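Residue numbering restarts at 1 for every chain, and letters A, B, ... go by the order of the sequence lines. The structure displayed is predicted, hence computed values, not measured ones. The figures that follow rest on heavy atoms only: side chains count, while hydrogens, waters and symmetry mates do not.
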Number of protein chains: 2
Amino acid sequence: MSARSGVPNDPGRRERIIAAALELILDDGVARVSHRAVAARADVPLGSMTYHFTSIDEVITEAFRRLVDRLSGRYRAGLHEAATPAEAREAVVEIICGDTFASPREMAGIFELYSYGRSSPDSAELAASWMGISAAALTEHFTPDAAHAIDALIEGWTIHHHLDGKAPDRELVRAAVTALTSSAL
Amino acid sequence: MSARSGVPNDPGRRERIIAAALELILDDGVARVSHRAVAARADVPLGSMTYHFTSIDEVITEAFRRLVDRLSGRYRAGLHEAATPAEAREAVVEIICGDTFASPREMAGIFELYSYGRSSPDSAELAASWMGISAAALTEHFTPDAAHAIDALIEGWTIHHHLDGKAPDRELVRAAVTALTSSAL
DNA sequence: TTGATCAGTGTACAAATGTACACTCTCAGT
DNA sequence: ACTGAGAGTGTACATTTGTACACTGATCAA
């Protein structure tokens, strides 16, 4: 038998690298992500990068995966907690207006994912799965049609919220969500 | 007096460079834009780039400006043509479901702008102005509140349309837009 | 303890990038 | 036709990038 088979010297290192990469994406954007920048942020030697990952794309995609996992977890939990239609609507309002579901940095990260997916098939798949998750979470409370419309509303209004720098009026958002649920959708 | 003062040897060259940069952004994404890549695409010597622009950021921002101009022109025109509320709603449906207002490539370009604005103040301003233009075009037909909601719906649904690769159901979109306009918004 | 084996690293390198700038070319004024 | 000022360019250069890979060192079977 072989000695020292598969025993890592520093377990969890790969994870820490991915975490560092995600922080870098959220702070500075994908464009600034490089083997060296991530290595420095994770306080890890450069060689570690090529040892644990086959390419920089893999690092970035894995970082995005963490982001999507994190956000979809909160998203799902927040909507699952809602017991009544009114509470579900309120959860949607909070997703759009609050920052308990996603901080501005995290929302910016999602846009970066959309852009990055244009040149990375793996990230494109990830972006698609993120959209699927949010749609699924909504269909728990709304008809499929209403869920589609609300999903789009969330997507767009969240972007505006983020780019404006200030949260939209809760009353207005609530009215819009209600309008989308109370008609024949 | 000075001889040859301000007489360009090849007028319109700057414009052609910007056009080439925009095409490059739409085809391959900002990440692939470089002095050399743009120069090659515009069939212009490398030195021309630094002669006409102070930095690559300027080239990219100008390219985005053309994109925003182009889209906001169509946007405004399309909504301005509408004479009745029903026609205005139909124009919104077309913006979301059709590709007469923005091709998939152009929509992808807008996302790239949102991302790029994170590190370029000029592009951030451009992104903000794009949002302002669309909002203004909508207030021509809808109440300010309804305009906000519809603007968000357009933004989000257009993204979904683009990332899904297939247009959403027109009937559904029409119902959603109607819902947002017929209530107390 | 030893040595085989694989985890992990430091360094080197080719390719690509943004930019500066010494140069060449062109044309308006004479 | 000539000329000089300013339009426009080719080349060179310092940096930064992704990646390869010869090396070092930690661990387990013996």
Is the shortest side-chain N to carboxylate O distance from [X] to [Y] below 4.0 Å?
X	Y	value
A/Glu106	A/Arg70	yes
B/Arg76	B/Glu140	no
B/Glu23	B/Arg16	no
B/Asp27	B/Arg41	yes

Any chance the rings of A/His162 and A/Phe111 have centres within less than 6.0 Å?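 Yes - the distance between ring centres of A/His162 and A/Phe111 falls below the 6.0 Å cut-off.
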Write down the distance between [atom1] ([X]) and [atom2] ([N]), rounded to a whole number of angstrom.
X	N	atom1	atom2	answer
A/Leu46	C/dA12	CG	P	13 Å
A/Met49	D/dT17	CE	C1'	13 Å
A/Arg36	D/dA20	CZ	P	13 Å
A/Asn9	D/dC28	CG	P	10 Å
B/His52	C/dG18	NE2	C1'	17 Å
B/Glu58	C/dT19	CD	C1'	14 Å
A/Ile56	D/dT16	CD1	P	16 Å
A/Arg32	D/dT16	CZ	C1'	13 Å

Tell me whether the OP1 or OP2 atom of D/dA7 has a side-chain N or O from B/Tyr51 closer than 4.0 Å.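 Looking at the OP1 and OP2 atoms of D/dA7, one of them is under 4.0 Å from a side-chain N or O of B/Tyr51.
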Counting only side-chain N and O atoms of B/Ser48, is one of them less than 4.0 Å from OP1 or OP2 of D/dT9?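 B/Ser48 to D/dT9 OP1/OP2: side-chain N or O found under 4.0 Å.
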Taking for each residue the nucleotide of DNA chain D with the nearest heavy atom, is it B/Gly47 or A/Ser55 whose nucleotide lies nearer the 5' end?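 On the 5' side of the pair lies B/Gly47.
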If we count only N and O atoms by modelled type, under 3.5 Å, do the side chains of A/Arg74 and A/Thr100 hold a donor and an acceptor together?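 Result is no, nothing qualifies.
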Are A/Tyr116 and A/Asp57 linked by a side-chain donor-acceptor pair shorter than 3.5 Å?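 Looking only at side-chain atoms, A/Asp57 and A/Tyr116 do form a donor-acceptor pair, the distance falling under 3.5 Å.
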Would you mind telling me which of D/dG18, D/dT9, D/dC21 lies closest to the side-chain atoms of A/Thr50?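 Minimum distance to the A/Thr50 side chain belongs to D/dC21.
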Can you pull out the residues from residues 13-28 of chain B that lie within a 4.0 Å heavy-atom distance of DNA chain D?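 Only B/Arg13 qualify.
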